[in-house]
Amino acid sequence: MEVAEEAAGCSLRPFSCEQGLLSRPDGSATFVQGDTSVLAGLYGPAEVKGSRESPDGATVEVLLRPKVGLPGVAERSREQLLRRTFEAVLLGSLHPRTSITVVLQVLSDAGSLLACCLNAACMGLLDAGLPLSSLFCGVTCALDPHGDIILDPTARQEQEAHAVLTFAIDSAQRKVLATTTRGSCSAEEAGLPAPRPISGRGGVAAATRAGSGL
């Protein structure tokens with residue numbers, strides 16, 4: 001498996017970030033990757049309704065708003081991944097019985113949108129001054145029809161690819177906090193080691209666990 005040698009395949013598009021753009025939220029940021037841009041607004045810690053109150057920590061809510069129209073199934077799925085990522089790094093135990101709301105507004109989508117949402121949210125969390133165990137970033141890769149890996153793909157490259165993978169990675173241990181895949185690819189195609197055959201007692205269960213971790 002080789003990473004595509006073209007500049008567009010092995011490098012990120014130009015990106016930029018600006019914080020503190022909005023006055024009403026407790027924190028805000030805009031993140032631009034190529035022609036993809038997302039605006040993030042953070043509200044909280046704030047009072048939470050009794051039914052959603054957690055005595056152990058803050059309740060995190062994520063709202064992803066498309067550029068046009070109403071949120072659909074795709075937005076709801078992305079909201080879940082974003083929320084899991086935030087909960088993994090946010091020190092919510094310092095703010096029990098409160099709510100933290102992250103609103104992400106898509107300004108333009110030219111590919112790698114979910115990665116851009118992750119990056120915008122991280123900058124917004126920093127601007128809000130919320131306690132984090134680590135920073136995090138989002139990165140999207142696409143597997144093109146030739147089997148090459150394209151980093152930070154455009155919308156057209158995503159459409160032509162037979163698999164698109166997005167990862168949320170923390171800055172402290174560089175571990176994967178969350179991942180999502182659209183399409184299908186083998187472990188070898190994704191650049192991951194294939195699970196080794198295991199023989200003997202308990203081999204089937206062990207092999208299943210190894211395969212499920214890919």
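Count residues from 1 along the sequence.
The minimum heavy-atom distance linking Arg78 with Leu113 is given by the pair NH1-CD2, 3.4 Å. Of all the heavy atoms in Pro153 and Ile150, the pair that sits closest is CD-O, 3.9 Å. Counting all heavy atoms, side chain and backbone alike, Ile100 lies closest to Pro45 at CG1-CA, 4.1 Å. The minimum heavy-atom distance between His162 and Pro145, with the atom names listed, is CD2-CA, 4.1 Å.
Side-chain contact between Glu61 and Ser99: absent, with no pair of heavy atoms (C-beta onward) separated by less than 4.5 Å. Between Leu12 and Leu151, some side-chain heavy-atom pair lies under the 4.5 Å cut-off. Considering only heavy atoms from C-beta on, His146 comes within 4.5 Å of Asp148 through its side chain.
Within the structure, no pair that satisfies the ring-ring contact (aromatic ring centres under 6.0 Å, His included) test touches residues 99-124, not counting sequence neighbours. Within the structure, every pair that satisfies the side chain to side chain donor-acceptor pair (under 3.5 Å) test and touches residues 165-182, not counting sequence neighbours, is listed here: Thr140-Thr166. Listed by first and then second residue, the side chain to side chain donor-acceptor pair (under 3.5 Å) pairs that reach into residues 35-48 are Ser37-Ser108, sequence neighbours excluded. Identified under the ring-ring contact (aromatic ring centres under 6.0 Å, His included) test for residues 92-124, with sequence neighbours left out: none. Among residues at least two apart or in separate chains, side chain to side chain donor-acceptor pair (under 3.5 Å) pairs with a member in residues 12-21 are Arg13-Asp152.
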inquiry  = For Glu87 and Arg84: C-alpha separation, side-chain torsions, deciding distance, then whether salt bridge (Lys or Arg N to Asp or Glu O under 4.0 Å) applies.
reply    = CA-CA 5 Å; Glu87 291 175 340; Arg84 290 197 303 267; over 6 Å; no
inquiry  = Run the side chain to side chain contact (heavy atoms under 4.5 Å, CB included) test on Val106 and Leu64 for me, step by step, so that the C-alpha distance in whole Å, both residues' side-chain angles and the decisive distance to 0.1 Å come before the verdict.
reply    = CA-CA 8 Å; Val106 178; Leu64 178 57; 4.0 Å; yes
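With rounding to the nearest 0.5 Å, the separation of OG1 in Thr30 from CD in Gln105 is 10.5 Å. Annotation: the span from Phe86 atom CZ to Leu81 atom CG amounts to 9.0 Å, rounded to 0.5 Å.
Using a 4.5 Å cut-off between side-chain heavy atoms of Ile, Leu, Val, Met, Phe, Trp and Tyr, with links allowed through other members, Leu114 and Val103 fall into different hydrophobic clusters. Val102 and Leu90 fall within a single hydrophobic cluster, where Ile, Leu, Val, Met, Phe, Trp and Tyr are joined by side-chain heavy atoms under 4.5 Å apart, directly or via other members.
A donor-acceptor contact shorter than 3.5 Å links the side chain of Gln157 to the backbone of Thr154.
Put simply, the residue from Val60, Leu63, Leu104 that forms a side chain to side chain contact (heavy atoms under 4.5 Å, CB included) with Leu82 is Leu104. In summary, of the residues considered (Glu160, Gln159, Glu158), a side chain to side chain donor-acceptor pair (under 3.5 Å) with Arg156 occurs for Glu160 alone.
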In a table with atom names and distances, give each donor-acceptor pair under 3.5 Å that connects a side chain of residues 115-137 to protein atoms at least two apart or in another chain.
from	atom 1	to	atom 2	distance (Å)
Asn119	OD1	Gly138	N	2.8
Asn119	ND2	Gln33	OE1	2.8
Asn119	ND2	Ala115	O	3.1
Asn119	ND2	Gly138	O	3.4
Asp127	OD2	Ser28	N	2.9
Ser133	OG	Val89	O	3.3

